[in-house]
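As the structure lists them, so they are numbered: ligands from 1, and atoms in each ligand from 1. All of these numbers come straight from a predicted model, not from anything done at the bench.
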Amino acid sequence: MSNNPSPPVDVHAIRREFPALDKYTWFQNGGVSITPACIAGEHARLMRELLDRGPLHILYPDEEYERRRSTMQCLAAFFAVDPRELALMRGVSEAYQTVLRGLDWQPGDEIIISQDEEAALLLPTLHLRDRYAIRVVKLPLLSAPDQQLAALQDCLSDRTRLVALSHVTTDLGYRLPLHDLCRIARQRGALTFVDVAHSAGLFELDLPGMGCDFAGILSYKWMYAPYASGLLYARQTSQHRLAITYAGGRSEQSLDFERDAYVLRNTAERFQYGPWSWPLIHAWATAAEWLQRIGLSTIEQRTALLATRLKQQLRKLDGVSLLTPVEADRSAALVACELAGWTGESLARQLRRRWNMIVKPLPHTRQGLRISLPFFLLETEIDQLVAALRILQSEPAA
Ligand SMILES: Cc1ncc(COP(=O)(O)O)c(C=O)c1O
């Protein structure tokens with residue numbers, strides 16, 4: 001995190017962009033975000049344009065293809081990558097599947113994933129295990145960075161083909177030291193895939209600098225674009241490692257209908273097949289510009305402030321165990337906790353019914369809450385959540 005103080009954010013002005021905030025207190029941004037008026041408005045304007053003018057790429061191709069080029073340029077700049085390293089996808093699941101299906105698996109090959117992966121990585125990995133008899137190795141999550149790196153060393157073997165990790169893990173909110181983890185994996189000859197669902201939009205991301213071979217990106221959590229679009233980042237020098245499993249009408253450089261011959265694109269676009277809703281993707285670029293205007297270091301510092309406030313209060317509550325690392329640079333905008341005696345579902349239900357707070361229950365390996373902290377939350381909303389948990393903690397579990 002940058003140590004220089006960022007310009008203060010006018011939280012109340014930002015909140016006016018989110019009419020949905022009048023209806024509840026919003027701690028579930030890590031699921032699907034609420035969308036600000038300026039981004040939803042751009043999406044609506046593009047859909048209206050479709051109504052008024054027809055399908056733009058058919059009728060006004062020069063205009064629409066230029067707009068697509070500039071949208072992709074904008075998204076590429078946001079992630080500090082070359083547009084030729086991006087393929088449009090519907091989300092992280094599709095990006096990850098494109099990588100998995102592009103490799104030639106042999107029985108006994110190994111994939112390392114973390115102990116806290118969302119379905120987008122977990123399910124395709126388990127499915128691959130059952131289809132190709134590969135071995136899945138789970139990386140334990142540790143808050144001390146040197147221990148985390150040592151744990152990866154312990155998981156790697158001569159059979160490891162791929163290390164697939166979330167930058168910020170989905171339920172427990174660990175921010176992994178990906179730069180070093182990718183280096184260690186590379187030294188052992190393994191490819192790396194990083195899921196940036198919970199980091200894109202929260203701080204500056206430099207994917208080439210991180211050193212991963214591939215990344216899965218989505219639009220609809222911390223980037224505040226409407227649900228749903230995504231990207232596969234494929235590092236220029238790693239693209240040749242993947243075969244193309246799904247060639248489609250968006251993968252080609254040329255297609256000769258007479259001779260039945262084709263040439264695939266020589267950029268990451270050869271991995272894409274679509275089609276997609278371009279208004280969604282254009283709106284995503286508008287969201288990237290909106291975030292940049294606010295400033296990613298401003299967002300990062302405000303998120304750290306809110307998360308630290310919440311963690312400090314949770315740690316003082318009887319019966320509460322904090323599941324997310326305390327340090328701001330080992331976590332991001334997700335804070336998970338358990339409350340003794342309570343299931344996640346009953347906690348979330350009580351919070352919604354009695355205090356109109358929307359929070360994700362943790363119903364799987366842990367029972368508790370995953371509290372999402374978008375940068376425009378108020379300090380008082382955090383204090384109210386803690387006050388509500390204090391009341392629940394004094395009551396018999398419902
Ligand atoms: C870490 C993580 N990755 C990916 C996703 C979703 O991926 P997709 O858009 O492919 O469903 C989520 C949550 O929805 C998530 O928490």
Side-chain angles (χ1 to χ4, degrees), residues 26-35 75 79 86-101 111-128 138-139 141 162-176 178 181 192-203 205 207 210 212 214-233 246 271-274 276-277 280-281 283-284 287 323-324 330-336 344 358-366 368-374:
W26 182 237
F27 294 112
Q28 213 331 21
N29 207 74
V32 173
S33 74
I34 50 174
T35 310
L75 291 171
F79 297 105
L86 293 178
L88 279 163
M89 300 276 142
R90 282 171 295 176
V92 172
S93 308
E94 194 171 281
Y96 186 49
Q97 279 288 8
T98 302
V99 172
L100 288 187
R101 304 296 169 204
I111 295 193
I112 298 175
I113 59 172
S114 87
Q115 280 177 334
D116 183 25
E117 291 304 335
E118 208 261 350
L121 261 62
L122 180 61
L123 195 126
T125 306
L126 298 179
H127 183 240
L128 197 78
K138 292 222 178 157
L139 176 73
L141 295 174
L162 181 66
V163 177
L165 299 170
S166 286
H167 192 183
V168 177
T169 72
T170 188
D171 278 347
L172 305 182
Y174 278 66
R175 190 195 305 198
L176 296 179
L178 255 312
L181 293 171
T192 46
F193 177 95
V194 179
D195 173 351
V196 296
H198 292 292
S199 51
L202 284 166
F203 41 85
L205 269 190
L207 294 175
M210 188 188 280
C212 57
F214 309 106
I217 306 171
L218 53 74
S219 63
Y220 61 83
K221 295 182 191 287
W222 305 101
M223 291 193 74
Y224 301 98
Y227 192 76
S229 30
L231 289 164
L232 166 68
Y233 160 70
Y246 309 101
F271 299 116
Q272 63 189 22
Y273 49 99
W276 326 270
S277 164
L280 277 178
I281 299 161
W284 187 9
L323 305 175
T324 306
R330 300 289 295 120
S331 59
L334 302 174
V335 176
I358 314 293
V359 193
K360 180 189 173 187
L362 294 183
H364 301 306
T365 54
R366 306 296 188 126
L369 297 171
R370 182 193 73 179
I371 302 156
S372 292
L373 301 173

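With sequence neighbours excluded, the residues that form a side chain to side chain donor-acceptor pair (under 3.5 Å) with Tyr96 are Thr125. The side chain to side chain donor-acceptor pair (under 3.5 Å) check on Glu117 picks up Ser114, Ser166, with sequence neighbours excluded.
A cation-pi arrangement is absent between Arg370 and Phe27 under the rule of less than 6.0 angstrom and at most 45 degrees off the ring axis.
Ring pair Tyr273/Tyr246 is tilted by interplanar angle, where 30° to 60° counts as tilted.
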Between side-chain atoms of residues 221-230 and protein atoms elsewhere (two or more places apart, or another chain), which donor-acceptor pairs fall under 3.5 Å?
residue : atom : partner : partner atom : Å
Lys221  : NZ   : Gly30   : O            : 2.8
Lys221  : NZ   : Gly31   : O            : 2.8
Trp222  : NE1  : His198  : ND1          : 3.0

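More than 12 non-hydrogen atoms from other residues, nucleotides or ligands lie less than 6.0 angstrom from CZ of Arg101.
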For ligand 1, run through the N/O pairs with the protein that fall under 3.5 Å and put one pair on each line.
residue  : atom   : partner : partner atom : Å
ligand 1 : 3 (N)  : Asp195  : OD1          : 3.4
ligand 1 : 3 (N)  : Asp195  : OD2          : 2.5
ligand 1 : 9 (O)  : Tyr220  : OH           : 2.6
ligand 1 : 10 (O) : Val92   : N            : 3.1
ligand 1 : 10 (O) : Ser93   : N            : 2.7
ligand 1 : 10 (O) : Ser93   : OG           : 2.6
ligand 1 : 14 (O) : Lys221  : NZ           : 2.6
ligand 1 : 16 (O) : Thr170  : OG1          : 2.8
ligand 1 : 16 (O) : His198  : NE2          : 2.7

